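Quick caveat: nothing in here was measured; it's all calculated off a predicted structure. Note that the numbering runs from 1 along the sequence shown for the chain.
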Amino acid sequence: MTLESLMNKSIHAIFEYLSTDDVLRAFYGLNTCLNVLIYDHIENRNGLFQCISKPLFDKICIEYLPKNQHRIRSLHLSDNNNSPQHIECFLDNNFHLRDFTQLRSLTLKYIHNDNTLIRIMSEFSHLPSLAKLKLCQFHIPNHPQHQMKFVNRIWNLPKLAHVTLNIIPEYKCCFPVPTVISSSIEHLFITGVYFASTQMDDLFRSTPRLQSLLVEMTCENSIKPYSVVLPSLNHLHITIHSGEKDTIKKLLGNLPNLNTLKIETFNFCLNGNDWEKIIDKHLLKLKQFEFKMEDNFSAGSIINTEMTQLLDTFRSQFWIDTHQWFVQFDLFETDDYSLYTLPYAFEDFSRLPILSKSTCPDDYKYFHAYDCVTNLLSPLLSHGNKSQFHFHNLHQLSIKCPVYQSGWSFISNLNYLHVLSLYWYDGGKSVCSLLQSIIDRAPKLKSLRLLNSPSARSQMTSFQYKSSSIRQLDLQPLGDWYDKQECEILRRSPLGLQCETLCIRVENRACIFDIVYTMTNLRSLNVRSRDDTWKEKMTSDDDELLVWLKKCLPSTCTITRDTLSQSRHIRLWIR
């Protein structure tokens, strides 16, 4: 039996077991029928260039794309640590987004260069069929005119329905509302920046067909009521900083058809009576309500009394009988607290409390109450009863050392863990054995990050860990640098032999040269060198280390400096 004799469905099933890289390398170009199936498969995998090697990227740009630009409906480009300079390489191959005439979906991640963003923005007006735009982890200058031009170009796209903007500003700032009206945007998700409460009217006015909205807001003192009623909006996820009860009332009062509300508040808290009045008066169609409110007790507070009084406002017939919305109160060591609905509805969980109380009945099943948590931060506290906390769906786990065996009872499943970050790792024997046991329980673990460790040598014990899945290492000692001998030990270690992405600080440029030529599976390298003489505002032509690396390393390597990052490290896309 030959591959061509199989049904298309069977061939697609085979492709599902392979990466896009492997599919293209093994099957592209064998015949026209297979090429069509590969194209369909890539479309269903969120687009071309998703998780791809440098040689295959070059091959696609030379052999595949020039013949198929008119067929591509989805593009996914990412300038992350696995494929540095990916987006710039694509543009430098003389490709223009305007030439992808059937483009429906565009995803761009980790844009590290202001000029690259400007080049992409200039193409927006030539994408009349674009329906979905996702820009993640991109830098944008804090210039109001530049930002306004940026959002207006997006709002002007005639068929754009889904917009996701995950912005990394120079500093947390208020973002401008577009001055044009979009007749197509229905789903809008913006994070990293916030809108002032006084801007929400303008945002609703410029996006009158909104059905789903995720946004951050900060409250400003204003007696001005909200005037724009938005009947189309039925899903709202909003984070409010330093808010006021009246502002929330005014905002939600203009959303009469809201059926799903997910809200986070910081530095203030509404009690159960407040929420009951708002919902009964303004949100008659609300079916799903999830919140997390964080605040702190004032000095001199009788904490137990105030905690009981607050919880009692969530024990009425409205909460317990009518809706069966249960809440939990978590108290922390610093007398601040978190109040949230159960099941817990948010991805991040940052710390375990010293005391917890809830409105749940005695037979409430806590075992799945935290299934939404995918990112757990430094959870290992030894005091308090943690029996109600169980985490089964973690994708990222961050731990501060030292760690203790007794702190792991609430983490029952690491089958989905992708990233493990260790802070203040000291290489002690007890830590090593425990961490190897964590790695053994995490079959999908891809990335190991050792951050803020005392020295490079303390991290070296981790090189002997064994894992069939780890491919990314982030080694960032506090005040130390890896020398030639330590880099050689890394290269020969089990994790070093299979490493594909490496972030490291080295003693000198010779170490960079050795790493590139001796770590044969390494695809990309983010590196700082102690002998780097780079200075602020230096051009690439004057960047002595960059010039030296381009001269000494193969011409197929893409070598750039990330001038937007604080460390100004060198980024290499090798193979």
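- Nearest approach of Asn271 to Asp274, heavy atoms of both residues: OD1-N, 2.8 Å.
- Closest non-hydrogen pair, Leu160 versus Lys132, comes out as CD1-N, 3.8 Å.
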Quick one, Ile303 with Asp335, criterion side chain to side chain contact (heavy atoms under 4.5 Å, CB included). Give me CA distance, side-chain angles, the key distance, then yes/no. CA-CA 8 Å; Ile303 291 176; Asp335 289 346; 3.4 Å; yes
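- Under the salt bridge (Lys or Arg N to Asp or Glu O under 4.0 Å) criterion, Asp202 pairs with Arg205, sequence neighbours left out.
- Interatomic distance, Glu186 CD to Ser212 OG, rounded to the nearest 0.5 Å: 9.0 Å.
- Aromatic ring centroids of Phe297 and Tyr337 lie under 6.0 Å apart.
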Show your working on side chain to side chain contact (heavy atoms under 4.5 Å, CB included) between Leu203 and Leu188 and close with a plain yes or no. CA-CA 11 Å; Leu203 180 62; Leu188 178 63; 4.2 Å; yes
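- In terms of heavy atoms, Ser78 sits closest to Ile87 at N-CG1, 4.3 Å.
- Note: Trp155 CH2 to Thr179 OG1 = 11.0 Å, rounded to the nearest 0.5 Å.
- Looking at Lys285 and Asn259, their side chains never bring a donor and an acceptor atom within 3.5 Å of each other.
- Taking the centre of each ring, Phe138 and Phe150 come in below the 6.0 Å mark.
- A cation-pi arrangement, defined by a distance under 6.0 Å to the six-membered ring centre and an angle within 45 degrees of its axis, is absent between Lys357 and Phe329.
- His235 and Thr260 share a donor-acceptor pair across their side chains, judged by distance under 3.5 Å alone.
- In this structure, Phe349 has its ring center under 6.0 Å from that of Tyr344.
- Heavy-atom contacts from other residues, nucleotides or ligands closer than 6.0 Å to NZ of Lys446 number 12 or fewer.
- Between Leu252 and Leu258 there is a side-chain heavy-atom pair separated by less than 4.5 Å.
- Separating the CG atom in Leu339 from the OG1 atom in Thr265 is a distance of 8.5 Å, to the nearest 0.5 Å.
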For side chain to side chain donor-acceptor pair (under 3.5 Å), just list the numbers for Asp330 and Ser356, CA-CA rounded to whole Å, side-chain angles, deciding distance to a tenth of an Å, and then say yes or no. CA-CA 5 Å; Asp330 287 349; Ser356 294; 2.7 Å; yes
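- Ring geometry for Phe195 against Phe175 counts as perpendicular: the plane angle is over 60°, on a 0 to 90° scale with 30° as the lower cut.
- In this structure, Ser524 and Asn81 approach most closely via the heavy-atom pair OG-O, 2.5 Å.
- The aromatic rings of Tyr364 and Phe326 lie perpendicular to each other, with more than 60° between the two planes, well past the 30° mark.
- No donor-acceptor distance shorter than 3.5 angstrom exists from the side chain of Thr207 to the backbone of Leu210, with no hydrogens or angles considered.
- Side-chain contact check for His146 versus Ile118: some heavy-atom pair is nearer than 4.5 Å.
- With rounding to the nearest 0.5 angstrom, the CG atom of Leu214 is 8.5 Å from the NZ atom of Lys262.
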Evaluate the criterion side chain to side chain contact (heavy atoms under 4.5 Å, CB included) for residue pair Thr164 and Leu135; output intermediate values, then yes/no. CA-CA 6 Å; Thr164 299; Leu135 302 179; over 6 Å; no
Ser447/His418 under side chain to side chain contact (heavy atoms under 4.5 Å, CB included): CA gap, chis, key distance, verdict: CA-CA 6 Å; Ser447 178; His418 294 159; over 6 Å; no
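- Scored by the salt bridge (Lys or Arg N to Asp or Glu O under 4.0 Å) test, Asp99 finds no partners at all (sequence neighbours excluded).
- In summary, the side chains of Ser125 and Asn156 do not present any donor paired with an acceptor at a separation below 3.5 Å, with no hydrogens or angles considered.
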Let me check something: any side-chain donor-acceptor pairs from residues 277-284 under 3.5 Å, sequence neighbours excluded? List them with distances.
none

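- Between Ser398 atom OG and Asp348 atom CG the span is 9.5 Å, to the nearest 0.5 Å.
- Across all their heavy atoms, Arg209 and Ser232 have their closest contact at C-OG, 3.5 Å.
- Side-chain contact of Gln102 with Arg104: a donor-acceptor pair under 3.5 Å is present, judged by distance alone.
- Among Asp79, Thr560, Asn80, the single residue meeting the side-chain hydrogen bond (donor to acceptor under 3.5 Å, both in side chains) criterion with Arg571 is Asp79.
- Donor-acceptor pairing under 3.5 Å is lacking for the side chains of Thr374 and Asn393.
- No donor-acceptor contact under 3.5 angstrom links the side chains of Asn273 and Thr313, judged on distance only.
- Taking the side chain as every heavy atom from C-beta outward, Thr107 and Leu75 never approach each other to under 4.5 Å.
- Partner of Glu216 under the side-chain contact (heavy atoms from CB on, under 4.5 Å) criterion, out of Ile190, Ile240, Thr239, Ile238: Thr239 alone.
- Other residues, nucleotides and ligands contribute only 12 or fewer heavy atoms inside 6.0 Å of the OH atom of Tyr416.
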Do Arg351 and Asp336 pass the salt bridge (charged side-chain N to carboxylate O under 4.0 Å, His left out) test, and can you show the C-alpha distance, the side-chain angles, and the key distance before you say yes or no? CA-CA 12 Å; Arg351 51 183 174 164; Asp336 54 333; 2.4 Å; yes
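- Remark: Thr322 pairs with Gln317 by the side chain to side chain contact (heavy atoms under 4.5 Å, CB included) rule, at least two apart or across chains.
- Heavy atoms only, all atoms of each residue included: Leu310 and Phe314 are closest at O-CD1, 3.4 Å.
- The residues Arg119 and Asp92 are annotated as salt-bridged, a charged nitrogen and a carboxylate oxygen being separated by less than 4.0 angstrom.
- No side-chain donor from either of Asn375 and Glu347 sits under 3.5 Å from a side-chain acceptor of the other.
- Side-chain rings of His323 and Phe289 stay apart, their centers remaining 6.0 Å or farther from each other.
- Side-chain contact check for Leu342 versus Tyr370: some heavy-atom pair is nearer than 4.5 Å.
- Residues Asn526 and Ile570 are not in side-chain contact: their nearest non-hydrogen atoms beyond the backbone lie 4.5 Å or more apart.
- A salt bridge between Asp562 and Arg528 is absent, with no side-chain N of the basic residue lying under 4.0 Å from a carboxylate O of the acidic one.
- Glu123 pairs by the salt bridge (Lys or Arg N to Asp or Glu O under 4.0 Å) definition with Arg98, not counting sequence neighbours.
- With sequence neighbours excluded, no residue forms a salt bridge (Lys or Arg N to Asp or Glu O under 4.0 Å) with Lys134.
- Here Asn115 contributes atom CG and Glu88 contributes atom CD; the two are 9.5 Å apart, rounded to the nearest 0.5 Å.
- Using cut-offs of 30° and 60° on the angle between ring planes, the pair Tyr194 and His241 is tilted.
- Side-chain contact between Leu420 and Ile399 is present, with heavy atoms from C-beta onward closer than 4.5 Å.
- If you run side-chain hydrogen bond (donor to acceptor under 3.5 Å, both in side chains) between Tyr340 and each of Glu290, Glu294, Glu264, Gln328, only Gln328 comes through.
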